[in-house]
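All values below were derived from every heavy atom in this structure, side-chain atoms included, with hydrogens, water molecules and symmetry-related copies excluded. Just so it is clear, the model here is predicted, and its values are computed rather than measured. Chain letters run A, B, ... following the sequence lines, proteins first, then strands; residues in each count from 1.
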2 protein chains.
Amino acid sequence: MKKRIVRIKDIAERAETSKGTVDRVLHNRGRVSEEVREKVLKIIEEMNYEPNFLAQSLKTQRTYQFIALVPDPKTDPYWEAPEIGLAKAEKELRQYGISISRFIFDPHDEESFISRAREATAENPDGLLVAPLFYKEVLPFFKEWENSNIPYVLFNTQIADVNPLCYIGQDSYQSGFLAAKILTFGLPSACTMMVLHINEDLPNSAHLITKEKGFKDYFVKNNLTDKYRVIETEINFVQGESFDEKFGQIISSAGDLKAIYVTNSRAFEIAGYLERNQIKDIKLIGYDLVPRNIHYINNGYIDFVINQNPLGQGYWGIFQLANYLVFKKEIAPIKFLPLDIITLENLEYYLDPEQ
Amino acid sequence: MKKRIVRIKDIAERAETSKGTVDRVLHNRGRVSEEVREKVLKIIEEMNYEPNFLAQSLKTQRTYQFIALVPDPKTDPYWEAPEIGLAKAEKELRQYGISISRFIFDPHDEESFISRAREATAENPDGLLVAPLFYKEVLPFFKEWENSNIPYVLFNTQIADVNPLCYIGQDSYQSGFLAAKILTFGLPSACTMMVLHINEDLPNSAHLITKEKGFKDYFVKNNLTDKYRVIETEINFVQGESFDEKFGQIISSAGDLKAIYVTNSRAFEIAGYLERNQIKDIKLIGYDLVPRNIHYINNGYIDFVINQNPLGQGYWGIFQLANYLVFKKEIAPIKFLPLDIITLENLEYYLDPEQ
DNA sequence: AAATAATATGTGTTCGTGCACATTGTAGGA
DNA sequence: TCCTACAATGTGCACGAACACATATTATTT
């Protein structure tokens, strides 16, 4: 069952022509009579020719510059993970001539995003990976990139009605829906649950609203609105201010509160509060394996987190660009990463970055 | 920041010698004076030479034959998934000269395993991927493979005190532990839980015993033995026999039964029973996304499954062989795949085989 | 000292592809 | 009829590594 590799030379022989001509047919370089062209195409089909990727890549020595337009990891530990994924992809893809430049912006500063995006565009890269945190600000760049035919991959934040090469991330709606399911599973009796947005600029964060909607819809779709009361709260945690006092008031006015669903990776703020006040009968669910969340999973104040796999988002984002540009694969426009449910007992298996 | 690729020729120039000599140093082919050898090695180090994998692979045209010694998918749908993973790895690795032969055995017949393993060994492959279901029978083959220096990767069933290239699969103990956690989370009140082994030859299935131990230990370690009663049952489901009657008796004699933990992928047998008898207050947790389990997750009779990611096991198994033999990477001796918790609300994201 | 053996080092071809360049073929204009 | 223009086709080199083979250098024997 030894599969003989079909080479350009083999095709040329069968077609009674030379490898130059076959090459011209393969790459549509013209200067081939229609008659020969068809004959060669037919034989290519028949012999099931597949270009030898190794030889191709060795010969052309083509290099690809990708740019990752991502938030500064120093501002929020969440953004450390995509960088790890980027680095992993970079390492694996270097031998194919792919290099990745980072253009780092401040996730709380639109202006910094705009100037970094300008710089990135000026570099005229072969592909872009973008965390499009600022909806309004990023739109004109999409246009620009489309005009210059630069494929761009979006991750973390899904944006409707644009045409990226693909989106990589989670289904925000469904992740809210899942959070509701888990909490309901653990709280068979009627109670109050809270959706909590911490330190977020909500009008600019459509995906958080989508999570909240998914969470609330779970109760509607399962006819549980009479049993559970869902309240929504926003809170800003400012260093130095008395968070505990502020949040204590919120809790005491919330009635029979038994569960809190934090829509971003800052569940550790609440876990800290619960620990300081020795509150053990409020279930807490949040997002992401950032170090402080891991700490509170380990000591039991966070019950579950949903892993958004930010590492995988960075990794797959770059890989999709490579798949498209280098390996010429078809790319599905959306790659939803799984909604991993993580709790103390399966935590450690998600910490291995090798995965 | 353009990284100039370092070639053998570059090293030869810097060392004032020829590429032939550098090549001899690189491959320890001898016939090089100690003096030159050291100089070349030093320069290789200095210039940070990394062989161009593409050129290497193109030139050598080395082919690798891997053999997958796996159970017949026709006997149990669980075994369909590793085959999909194998096929995926095969496709990605074909261009590196890797081919995979399947040696399929009957998972209920030791003899068929032995004869397939004999045949596989006789082929003298470059690497083996084995599901070592039969502990006693597989041991002598490990010896043989080690003597012939054939690396072998184990998956699905972990075996102690042998030296595979690596093991790929789950931590059975921890998965039982996790199952107990989930059920306890959903059942805050005291009740009885059942560990159920369906159609299994227990003495030959150490990993199922390990799961059971993990499950039971959860209650011990969390001081819950007074609250929850855990019972253990084995049942064989034979086509045609009245399963419902047999199982009905088991249930009714079990007292306040509120949860069943099925240790293999056959939770669907119980789900079917629960559906036929319209029992809705028994939580059911099992393993794996086989089609019939998916069916019962969708209609609510299975609450959770833990995904053993059999597809990933096949995929990674082959990839580890390739990483070791072809890409010369270091291989960690154990690769535990995550304990994915799957329920209706996040099911679909685990069904995409592309992941 | 010359012949031979043994060791050390250098050169050239090959893998499959892409592309530059060389060659052949043919039609049309002088 | 010869020359030119241009389309059609063929040839050869390069990419980086591996290996066979050729050549140079030194050591050993006669």
Between [atom2] on [N] and [atom1] on [X], what's the gap in Å once rounded to a whole number?
{"X": "B:I11", "N": "D:dA17", "atom1": "CD1", "atom2": "C1'", "value": "11 Å"}
{"X": "B:R62", "N": "C:dT14", "atom1": "CZ", "atom2": "C1'", "value": "19 Å"}
{"X": "B:E50", "N": "D:dG16", "atom1": "CD", "atom2": "P", "value": "15 Å"}
{"X": "B:L26", "N": "D:dG16", "atom1": "CG", "atom2": "P", "value": "15 Å"}
{"X": "B:I44", "N": "D:dA17", "atom1": "CD1", "atom2": "P", "value": "11 Å"}
{"X": "A:N28", "N": "C:dC19", "atom1": "CG", "atom2": "P", "value": "13 Å"}
{"X": "A:R29", "N": "C:dA20", "atom1": "CZ", "atom2": "P", "value": "8 Å"}
{"X": "A:L58", "N": "C:dC19", "atom1": "CG", "atom2": "P", "value": "13 Å"}

Are side-chain heavy atoms of [X] and [Y] found at a separation under 4.5 Å?
{"X": "B:I318", "Y": "B:L86", "answer": "yes"}
{"X": "A:L133", "Y": "A:P71", "answer": "yes"}
{"X": "A:R24", "Y": "A:T21", "answer": "yes"}
{"X": "B:L325", "Y": "B:P151", "answer": "yes"}
{"X": "B:I98", "Y": "B:T63", "answer": "no"}

- Quick one: pull up CZ in A:F105 and CZ in A:R116 and give me the separation to the nearest 0.5 Å. 10.5 Å

- Centroid-to-centroid, B:Y96 to B:F53, below 6.0 Å? yes

- 5' to 3', nucleotides 6-13 of chain D under a 4.0 Å protein heavy-atom cut-off (B base, S sugar-phosphate only, - none) gives -BSBBBBB

Tell me whether the OP1 or OP2 atom of [N] has a side-chain N or O from [X] closer than 4.0 Å.
{"X": "B:Q56", "N": "D:dG16", "answer": "no"}
{"X": "B:H27", "N": "D:dA18", "answer": "yes"}
{"X": "B:Q61", "N": "C:dG16", "answer": "yes"}

- Task: Please work out which of the three classes, parallel, tilted or perpendicular, describes the rings of A:Y152 and A:F142, given edges at 30° and 60°.
- Result: parallel

- Message: For B:N156, run the side chain to side chain donor-acceptor pair (under 3.5 Å) check against B:W79, B:Y78, B:Y167 and tell me which one passes.
- Response: B:Y78

Atom pairs under 3.5 Å: protein N/O with N/O of nucleotides 26-28 of chain D:
none

- Query: Which residue, B:D23 or A:A55, contacts DNA chain D at a nucleotide closer to its 5' end, judged by nearest heavy atom?
  - Reply: A:A55

- Task: Tell me, please, which residues at least two apart from B:E16 pass salt bridge (charged side-chain N to carboxylate O under 4.0 Å, His left out).
- Result: B:K39

- Item | Contacts of type salt bridge (charged side-chain N to carboxylate O under 4.0 Å, His left out), residue A:K74, not counting sequence neighbours | A:D72

- Note on the structure: So the side-chain hydrogen bond (donor to acceptor under 3.5 Å, both in side chains) pairs with at least one residue in residues 317-333 of chain B (sequence neighbours excluded) are B:Q320-B:N323

- Task: Identify whether any heavy atom of A:Y49 sits under 4.0 Å from a base atom; if not, whether one sits that close to sugar-phosphate; answer base, sugar-phosphate or nothing.
- Result: sugar-phosphate

- Query: B:I8 near the nucleic acid: base, sugar-phosphate alone, or nothing, with a heavy-atom cut-off under 4.0 Å?
  - Reply: sugar-phosphate

- Task: Please give the angle, rounded to 10 degrees, between the axes at the start and the end of the helix from C:dA1-D:dT30 to C:dA30-D:dT1, where five pairs define each axis.
- Result: 80°

